[in-house]
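Contents: one structure, followed by commentary.
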Amino acid sequence: MSWARPWGAGSPPSSPSRGGSCSSPSCCWGWSGPCVYRGGVFLLCFLTAFFGIYSLISIPWAGALAGCAAGLLAGGLSLKLLRPALILSTGIGGGLCAGAGLLPLLGLKNPLWGLLAGIALAISGVAVQFHTTSEEEG
């Protein structure tokens, strides 16, 4: 044991790789990587759900209220199902953005083609991510 690492070689006892959790203060202060990662996934899922719902409801206060509820639900689920939530939110968001970007690139006027292309790209992106990433978190 050394004075720099009183717990010995490897990661500290409170780190998630040793079976600890992100809820301990030593993890979030000294070993903030997993906490920042989980916070980022929560924020990504919250904002994706919020803006998705907000854009669908024409009444601003109702859209904001429903968006917050959907965002909290999506963010909460993302902490429980970290890997699938991250893959779904990035795959769907990226696919739909790419589909919308194809409209002017291909000179198409009907937004339905962009939506259909976005759905196809989202499905393929999600499938590729699930196939190529490992089951381990982080």
#### Entry: Nearest heavy atoms of G76 and F42, plus distance in Å
N-CE1, 3.6 Å
### Message
So, taking the atom named OG in S78 and the one named CZ in R83, what distance separates them when rounded to the nearest 0.5 Å?
### Response
15.0 Å
### Single-linkage hydrophobic cluster, 4.5 Å side-chain cutoff, L73 and L43 together
no
### Query
Are I123 and L96 connected, step by step, through hydrophobic side chains (Ile, Leu, Val, Met, Phe, Trp, Tyr) whose heavy atoms are closer than 4.5 Å?
yes
### Query
Is L112 linked to L105 within one hydrophobic cluster, defined over Ile, Leu, Val, Met, Phe, Trp and Tyr using a side-chain heavy-atom separation of less than 4.5 Å?
yes
### Nearest non-hydrogen partners of L102 and A117, listed with the distance
CD1-CB, 4.1 Å
### Query
Any sub-3.5 Å donor-acceptor pair from T48's side-chain atoms to C45's backbone N or O?
no
### Query
Which value, rounded to the nearest 0.5 Å, describes the distance between I53 atom CD1 and L65 atom CG?
12.0 Å
### Message
Are L44 and T90 packed together at the side-chain level, in the sense that at least one heavy-atom pair is separated by less than 4.5 angstrom?
### Response
yes
## Note on the structure
Taking every heavy atom of L103 against every heavy atom of P111, the minimum-distance pair comes out as CD1-CA, 3.9 Å
### Query
Are L56 and L72 connected in a single hydrophobic cluster, I mean Ile/Leu/Val/Met/Phe/Trp/Tyr linked by side-chain heavy atoms less than 4.5 Å apart?
no
### Task
For R38 and L82, indicate whether the former's side chain and the latter's backbone hold a donor-acceptor pair under 3.5 Å.
no
### Message
Just verifying a value: how many Å separate L47 CG and S89 OG, rounded to the nearest 0.5 Å?
### Response
10.5 Å
### Message
Could you check whether any side-chain heavy atom of V126 comes within less than 4.5 Å of a side-chain heavy atom of I87, counting everything from C-beta outward?
### Response
yes
### Query
About how many Å separate CD1 of I92 and CG of L121, when rounded to the nearest 0.5 Å?
12.5 Å
### Message
Taking CD1 in I59 as the centre, count heavy atoms belonging to other residues, nucleotides or ligands within less than 6.0 Å. Is the count above 12?
### Response
no
### Task
Return the orientation label for the F51 and Y54 ring planes: parallel under 30°, perpendicular over 60°, tilted otherwise.
perpendicular
### Query
Same cluster for L108 and L116 if Ile/Leu/Val/Met/Phe/Trp/Tyr side chains link at under 4.5 Å?
yes
